[in-house]
There are 4 protein chains.
Amino acid sequence: MPPPGTTGPDRPMRADARRNRTRILEAAELVFAEQGSSGSTEEVARRAGVAIGTVFRHFPTKDDLLAAIMKNLLEQLVAEAGALSDSEPRTALFTFFTRIVEQAAARKAVVDLLARNGVEIRLPELVTVFADAVGDMLRQAQTTGTVDPDIRLPEVMALLASTSQGALHGGWDRELRRRVLDVVFAGLAPKADRPTDRAR
Amino acid sequence: MPPPGTTGPDRPMRADARRNRTRILEAAELVFAEQGSSGSTEEVARRAGVAIGTVFRHFPTKDDLLAAIMKNLLEQLVAEAGALSDSEPRTALFTFFTRIVEQAAARKAVVDLLARNGVEIRLPELVTVFADAVGDMLRQAQTTGTVDPDIRLPEVMALLASTSQGALHGGWDRELRRRVLDVVFAGLAPKADRPTDRAR
Amino acid sequence: MPPPGTTGPDRPMRADARRNRTRILEAAELVFAEQGSSGSTEEVARRAGVAIGTVFRHFPTKDDLLAAIMKNLLEQLVAEAGALSDSEPRTALFTFFTRIVEQAAARKAVVDLLARNGVEIRLPELVTVFADAVGDMLRQAQTTGTVDPDIRLPEVMALLASTSQGALHGGWDRELRRRVLDVVFAGLAPKADRPTDRAR
Amino acid sequence: MPPPGTTGPDRPMRADARRNRTRILEAAELVFAEQGSSGSTEEVARRAGVAIGTVFRHFPTKDDLLAAIMKNLLEQLVAEAGALSDSEPRTALFTFFTRIVEQAAARKAVVDLLARNGVEIRLPELVTVFADAVGDMLRQAQTTGTVDPDIRLPEVMALLASTSQGALHGGWDRELRRRVLDVVFAGLAPKADRPTDRAR
DNA sequence: AATGAATGAGGTTTCATTCAT
DNA sequence: GATGAATGAAACCTCATTCAT
């Protein structure tokens, strides 16, 4: 967000440029969804209807392109997380979790990147924002007694990433997704819910 | 005519050939561990200290090489599974699960393949054998009341693959691994009578 | 939006691209002439003074390159055939035949391909056009009594291909070419009235 | 042919060695017949049932192998030529010519080599012997008035090679072969056979 | 002599990236 | 800013030939 009143030297981006940027991102999401992160930059350009040079003007590196896609995805997810927290606070976390895993199959290579080191250490802010959103839902769920208070964010994030990946590459069907998530959610549930004494 | 009892009909593979095969596999495991399954065959050859042609004599295709590594790994795992079932039947499944996830970090791209479609339709027998071994442990764990009887093999396999992948690409440290697995194991525990006997 | 009347919808190919395409074709003709159709694409690139990638941008496959060369040749030949039919209708066939055989020595691997199956099922239209042109000349020659009416196009084409190949790979000198063609032309002459008019 | 009584130092070749040599040649003839002269040496070894090293012990170079095959063929042809001259002197040349062209289809890459420069300048003696045999038949045919006296050996050899090549690569069927050879033989026939006056 | 493993140059092809137009 | 041709470093793979066994 540029400081207001400073729009001078770095132009706000021409209309066509912005339009191209968008089309490239859309095309890239498609291509990488289909072919994994090894899809070619040329293919992205072709589908976006621009020349290869234009892709590189907007994203100097293939990794930049991948990072941008991920940024997009994360932003959407954060938005969804916010909406959920407002409407169904108790199970917001579980609903969100489920939704991500279900969508994984449709966003192939993006989730792929999420878990990898492909997009090196960049956009950490974004990831933080996302983690914060999930953290909020976690806290809420613990407050309302839906999740055990001992659970911490890192393992939730880790499980989220793992199961997304799994659903993605493993091609889990509806039922398997359900059964896997049942296990995970049961594991997150308060220990109090369970009979009682946890020997040792 | 060779002296009887000296050389069988299907020659057992020359000493240097066997040595090279081993070195190539070791090198490949390293290379793919570091660079993912996109590491180059040339690099493998270089590290193995052989010429590129030698790699291709042993593994006519890059995929053959990847498949061989995976075969190796699965064989080891099956062996470990067998040993575990004998020595500590109650918690064999959990111990095994834990071990795999822990080792994942050290065997990068192999686990990578396990979850992917990289090595296409090959070594399905091996995978079956592996799944069977896990299935045995699951049944055992359910018999002894360590795992809920409603749990079925597919979700166990799915969770195994997911968490291995996660540990691998996410770079989980010792503690995170512990916490994630605690959640999973809690989720697998019997619902009615969970507290009773969770080994240790 | 380009000024109207300046750049048509399907751009006419950039100057450097056209230049390179030409140079590649020329280089390829040379290389394949010298080394047969097994000459390497790299060598073609080197002689054309372009990078290897440029060759593949213009001709995605080695076969495409070979096909392009052949297309070039056939087009020239068809043009020549047309011109000949107009100017010296009686002996157009013989003159054309002679010319092809003579040039064969200079266009090595192209003629090579003509007779082979190398360039698989491509440019069949071109070949048809060529055969048609020869067919026209044959009919003309038969009408004017230069060639026996029993002769049919297939054997003419076959003899054309054979002798071109022969001249090419056998390295026939001027005189040998003359003597071989004399035999062939004598064989094509009318049986009843052969002596009448054998041009020259 | 070693001078008699000199068999000492260079051993006469062990029985198995001779057997292998033969099998390699047979295999090579098959392989090169099917795949052209680009068939691989390994394939030859495989079909001969020997190891690759054995092939190279007998023929230090791929070209040596090709040359040996050609030598074989030429020897056969010379023998056939001799037999023919004895039995049907008038048309020995035409019969021989026809036979070669017909067999071409079955001896692919060998004829291929015959016309090419592949097997560099080697086995020239053999070729000479072969040419001599054809020369004998030509002279005979001219003596008996079957071939025009102006015809010389070079063009006969050239036509022989060309049409063999043509039949080989062009895949001529029985009829086309017949029609082409009819033209050639007509072209070789005595000019006297034809009406008479060669006006102009 | 035979074996077959090893070599390594070379072949075709892909693709991220640069740069003239 | 956009275009798309050019670049050139790999990548995977083949195969004639050498050499230890």
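So that the names make sense, note that chain A is the first sequence line, chain B the second, and so on, each numbered from 1. What's counted below: heavy atoms across the whole structure, side chains too, no hydrogens, waters or symmetry copies.
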Side-chain atoms of D:S40 come closest, of F:dA16, F:dA5, F:dC13, to F:dA16
Of all the nucleotides listed (F:dT3, F:dA9, F:dT18), which has the minimum atom distance to the side chain of D:F56?
F:dT18
Closer than 4.0 angstrom, basic N to acidic O: yes or no for D:R23 and D:E26?
no
From E:dA6, F:dA2, E:dT17, nucleotide with atom closest to B:R57 side chain
E:dA6
When you measure from the side chain of B:S40 to the backbone of B:E43, do you find a donor-acceptor pair of N or O atoms at a distance under 3.5 Å?
yes
Across all strands shown, which nucleotide pairs with F:dT14 by Watson-Crick or G-U wobble geometry, both distances under 3.5 Å?
E:dA9
Would you mind reading off the distance between B:D16 atom CG and E:dT3 atom C1', rounded to a whole angstrom?
12 Å
Could you tell me whether the phosphate oxygens of F:dT3, OP1 or OP2, come under 4.0 Å of any side-chain nitrogen or oxygen in A:T54?
yes
If pairing means Watson-Crick or G-U wobble with both distances under 3.5 Å, then the partner of F:dT21 is E:dA2
Select from D:G53 and B:P60 the residue whose nearest nucleotide in DNA chain F is closer to the 5' end of that strand.
B:P60
Would you call D:L66 and D:F59 a side-chain contact if the rule is heavy atoms closer than 4.5 Å?
no
Residue closer to the 5' end of DNA chain E, B:R18 versus C:E42 (nearest nucleotide):
B:R18
When the nearest nucleotide of DNA chain E is assigned to C:F59 and to A:G39 on a heavy-atom basis, which residue is associated with the more 5' position?
C:F59
When every non-hydrogen atom of C:R47 is compared with those of C:A27, the smallest separation belongs to CB-CB, 3.9 Å
Between B:E43 and C:A17, the residue closer to the 5' end of DNA chain F by nearest nucleotide is C:A17
Minimum-distance nucleotide to D:A51 side chain [options: F:dA16, E:dT3, F:dC12]:
E:dT3
Is A:H58 near enough to F:dA2 that one of its side-chain N or O atoms lies under 4.0 angstrom from OP1 or OP2?
yes
Which part of the nucleic acid, if any, lies within contact of C:T41, taking any heavy atom under 4.0 Å across all strands shown: a base, the sugar-phosphate backbone alone, or nothing?
sugar-phosphate
Contact class for B:R14 vs. all strands (heavy atom < 4.0 Å): base, sugar-phosphate, or nothing?
base
Taking 4.0 Å as the cut-off, does a side-chain nitrogen or oxygen of D:N20 come that near to OP1 or OP2 on E:dA2?
yes
Nearest heavy-atom approach of D:T41 to D:V55 is CG2-CG1, 3.8 Å
